[in-house]
Amino acid sequence: MKIQHSPNLNPLYMTALLPNPSLLRIGQAAKATGCTPKALRLYEARGLIPPAIRQGQYRYYHAEHLRFIDVIKLAQRAGFRLSELIALLGVKQQQGHIPLQAIEQAIADKLAQQHQQIQALQQQQQVLVDLRQVCQQLFAQPVGCVEPQQLQQGLDSAL
């Protein structure tokens, strides 16, 4: 990574500023994880990932950040919202770590929630099938308009 030369900086000081080659700038980290830089800033602001290493105006991310981001993306694909992940981090702040039991409970809760959603969708699907059948029965034959005189004649003849 290249730091632009400033005439005010001592070259020896500049070499001390050179970042570790294993660190990625925010754009590189975003590309490596498939996230946007905005998402990475959000994850950091919400405490979902450790704070980035700051050097001047630049943020640098390392392998641990990328692992956290991969877990976040996997959890989101599994149906977790960021607010749910933030709640898990509340446990981390209270206890210093996230106990495996808390993670397993969150996953079990999410599985139960998804099971209920699947059942509700299956019921809704059956209602749609029933609706289709009712509509086919009701509207299979074209309904013609009956003139009031014809209706009156039909009623008169029936009486």
Side-chain angles (χ1 to χ4, degrees), residues 1-140:
M1 294 182 196
K2 185 177 179 182
I3 294 181
Q4 292 184 345
H5 177 68
S6 170
N8 298 335
L9 289 179
N10 177 330
L12 293 175
Y13 179 70
M14 282 182 51
T15 57
L17 289 178
L18 289 174
N20 181 324
S22 67
L23 296 177
L24 302 174
R25 277 192 175 169
I26 192 168
Q28 295 167 314
K31 189 173 184 178
T33 60
C35 291
T36 63
K38 184 177 179 180
L40 296 181
R41 285 187 212 97
L42 175 70
Y43 297 162
E44 185 178 344
R46 298 288 172 96
L48 290 169
I49 62 174
I53 299 164
R54 300 296 295 248
Q55 186 174 32
Q57 64 182 6
Y58 297 108
R59 294 172 192 239
Y60 290 96
Y61 298 88
H62 52 77
E64 182 182 349
H65 288 105
L66 302 183
R67 283 193 300 270
F68 275 99
I69 294 164
D70 286 341
V71 170
I72 292 166
K73 289 179 62 179
L74 183 60
Q76 286 180 309
R77 284 200 333 255
F80 282 93
R81 295 183 314 271
L82 288 182
S83 60
E84 293 170 314
L85 298 176
I86 291 167
L88 273 176
L89 288 175
V91 173
K92 179 182 179 186
Q93 291 180 1
Q94 290 173 351
Q95 298 183 14
H97 69 288
I98 301 175
L100 184 56
Q101 180 182 5
I103 294 169
E104 289 177 357
Q105 184 62 52
I107 291 170
D109 292 347
K110 183 57 68 176
L111 284 169
Q113 180 186 30
Q114 288 178 348
H115 180 71
Q116 289 174 345
Q117 290 171 337
I118 289 168
Q119 286 180 323
L121 285 171
Q122 287 173 336
Q123 290 171 354
Q124 187 177 18
Q125 185 178 32
Q126 185 58 51
V127 170
L128 286 170
V129 169
D130 295 345
L131 177 62
R132 178 189 293 151
Q133 289 174 347
V134 168
C135 289
Q136 286 173 346
Q137 291 171 357
L138 285 175
F139 305 114

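Quick note: numbers below take in every heavy atom, side chains included, and nothing from hydrogens, waters or symmetry partners.
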Answer yes or no: is there a side-chain heavy-atom contact under 4.5 Å between Gln113 and Lys110? yes

Out of Tyr60, Tyr58, Tyr61, which residue meets the side chain to side chain contact (heavy atoms under 4.5 Å, CB included) rule with Ile26? Tyr61

For the atom pair CD1 (Ile53) and CZ (Arg59), what is the distance rounded to the nearest 0.5 Å? 12.5 Å

If you compare all heavy atoms of Leu85 against all heavy atoms of Ala75, which two are closest, and at what distance to 0.1 Å? CD2-CB, 3.8 Å

Please report the closest heavy-atom contact between His65 and Pro50, naming both atoms and the distance. NE2-O, 3.1 Å

Provide the closest heavy-atom pair for Gly47 versus Leu89 in the form atom of the first, atom of the second, distance. O-CD1, 2.8 Å

Side-chain contact test, heavy atoms from C-beta onward, threshold under 4.5 Å: evaluate it for Phe80 versus Ile72 and give yes or no. no

Are Arg41 and Glu44 close enough that some pair of their side-chain heavy atoms sits under 4.5 Å apart? no

For Leu88 and Ala102 the tightest heavy-atom approach is CD2-O, 3.9 Å

Hey, what do you get for CD1 (Ile86) to CG (Leu48), rounding to the nearest 0.5 Å? 5.0 Å

For the residue pair Lys73 and Gln76, confirm or rule out a side-chain donor-acceptor distance under 3.5 Å. no

Ignoring hydrogens and angles, state whether a donor on the side chain of Asp130 or Gln126 is under 3.5 Å from an acceptor on the partner side chain. yes

Approximate separation, where rounding is to 0.5 Å, of Ile107 CD1 and Gln114 CD: 11.0 Å

More than 12 heavy atoms of other residues, nucleotides or ligands under 6.0 Å from CZ of Arg54: yes or no? yes

CD of Gln28 to CG of Leu66, rounded to nearest 0.5 Å, is 10.5 Å

Within 6.0 angstrom of Gln119 CD, more than 12 heavy atoms from elsewhere: yes

Residue pair Arg77 / Leu74, side-chain heavy-atom distance below 4.5 Å: yes

About how many Å separate CG of Asp70 and CZ of Arg67, when rounded to the nearest 0.5 Å? 9.5 Å

Is the backbone of Ala106 close enough, under 3.5 Å, to the side chain of Glu84 for a donor and an acceptor to pair up by distance? no

Minimum-distance pair of heavy atoms, taken over all atoms of Ala30 and Leu40: N-CD1, 3.5 Å

